[in-house]
Amino acid sequence: AQTVTQSQPEMSVQEAETVTLSCTYDTSENNYYLFWYKQPPSRQMILVIRQEAYKQQNATENRFSVNFQKAAKSFSLKISDSQLGDTAMYFCAFIPDSNYQLIWGAGTKLIIKP
Amino acid sequence: SQTIHQWPATLVQPVGSPLSLECTVEGTSNPNLYWYRQAAGRGLQLLFYSVGIGQISSEVPQNLSASRPQDRQFILSSKKLLLSDSGFYLCAWSGTLNYGYTFGSGTRLTVV
């Protein structure tokens with residue numbers, strides 16, 4: 001079975017700190033695509049960052065970066081200089097190359113404190 | 001550019017009434033389309049997906065149905081709503097896999 005595990009149900013950090021959200025996944029496929037989505041209180045689901053499994057270089061989008069360890073099947077998200085607007089649920093997910101369905105984690109609730 | 005529209009944003013319906021939620025995509029052709037439901041503070045549950053007009057796959061047996069009458073239109077329906085149908089419904093589309101899904105703004109449904 002293909003699964004995503006987010007082991008941190010909730011995290012809380014001070015504004016301007018750096019925080020890392022963990023994600024591990026399980027798949028027998030060699031090629032797939034990994035994503036982090038953010039869902040703020042408005043509940044709009046927003047793509048934060050994406051990574052192709054065949055690329056070794058870790059993706060970066062402004063203050064957001066990932067640590068992708070393919071052998072360990074790990075895909076953590078680092079948020080630098082955290083801001084109040086980063087408060088949200090964060091979901092890790094992947095799509096195997098063999099189909100088009102996103103496999104989701106249960107989410108991590110991130111709270112940025114002023 | 002591609003956009004996805006979902007409406008209504010909020011809906012309060014009595015038990016036993018019908019439901020119709022609509023989702024349309026602009027700026028792309030032959031998208032894969034999805035309906036998700038999310039309970040408060042929980043993850044996403046895939047309800048239906050469609051890879052083409054008239055092609056609907058159901059993931060969870062329930063009181064809901066979906067239709068795709070046009071290439072970029074996806075409709076979620078129910079003939080008689082149950083209290084348990086309350087939740088937050090999200091429509092999404094996907095094209096090439098490496099870009100993931102793009103979501104609509106969601107519909108908050110409360111069945112009373």
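By convention in this document, chain letters (A, B, ...) are assigned in the order of the sequence lines, proteins followed by strands, and residues within each chain are numbered from 1.
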Below 4.5 Å from any heavy atom of chain A, which atoms of B:Leu90 appear? Answer side chain, backbone, both or neither. side chain
So for A:Tyr37, is it side chain, backbone, both, or neither that comes closer than 4.5 Å to the heavy atoms of chain B? side chain
More than 12 non-hydrogen atoms from neighbouring residues, nucleotides or ligands closer than 6.0 Å to CG on A:Asn30, yes or no? no
Quick one: does B:Tyr99's side chain get under 4.5 Å of A:Leu47's, heavy atoms only? no
Same cluster (ILVMFWY, side-chain, under 4.5 Å), A:Ile103 and B:Trp35: no
So if you build clusters from Ile, Leu, Val, Met, Phe, Trp, Tyr with side-chain heavy-atom gaps below 4.5 Å, do B:Leu44 and A:Phe35 land together? yes
Contacting moiety of A:Leu102, where chain B heavy atoms sit under 4.5 Å: both
Flag if over 12 foreign heavy atoms under 6.0 Å of NZ, A:Lys73: yes
Determine, using the 4.5 Å side-chain heavy-atom cutoff (strictly less than), whether B:Leu76 and B:Trp93 are members of one ILVMFWY cluster. yes
Is it the case that more than 12 heavy atoms not belonging to A:Gln56 sit under 6.0 Å from its CD atom? no
Contact part of A:Asn99 toward chain B, heavy-atom cut-off under 4.5 Å: side chain, backbone, both or neither? backbone
Counting only heavy atoms not in A:Gln57, do more than 12 sit closer than 6.0 Å to its CD atom? no
Side-chain heavy atoms nearer than 4.5 Å, only ILVMFWY residues, links allowed to pass through others: does that put A:Phe94 and B:Leu97 together? no
How are the rings of B:Tyr34 and A:Tyr100 set to each other: parallel, tilted or perpendicular (split at 30° and 60°)? tilted
Report yes if some heavy atom in the side chain of A:Trp104 is under 4.5 Å from a heavy atom in the side chain of B:Gln45; otherwise report no. no
Does A:Lys78, at its NZ atom, have more than 12 non-hydrogen atoms belonging to other residues, nucleotides or ligands within less than 6.0 Å? no
Just give me the residue among A:Ile95, A:Leu34, A:Ile46 that pairs up with chain B most often, heavy atom to heavy atom, under 4.5 Å. A:Ile95
With chain B as the partner, which of A:Met89, A:Arg43, A:Glu52, A:Gln101 has the greatest number of non-hydrogen pairs under 4.5 Å? A:Arg43
Taking every heavy-atom pair that is under 4.5 Å apart, which of B:Ser94, B:Gly43, B:Ala92, B:Gly100 has the most such pairs with chain A? B:Gly100
Side chain to side chain contact (heavy atoms under 4.5 Å, CB included) partner of B:Asn98, the single match among A:Arg50, A:Gln51, A:Lys55: A:Arg50
Measure B:Tyr101 against the heavy atoms of chain A and call it side chain, backbone, both or neither at under 4.5 Å. both
Does any part of the side chain of A:Gln39, heavy atoms only, come nearer than 4.5 Å to the side chain of B:Phe103, both counted from C-beta? no
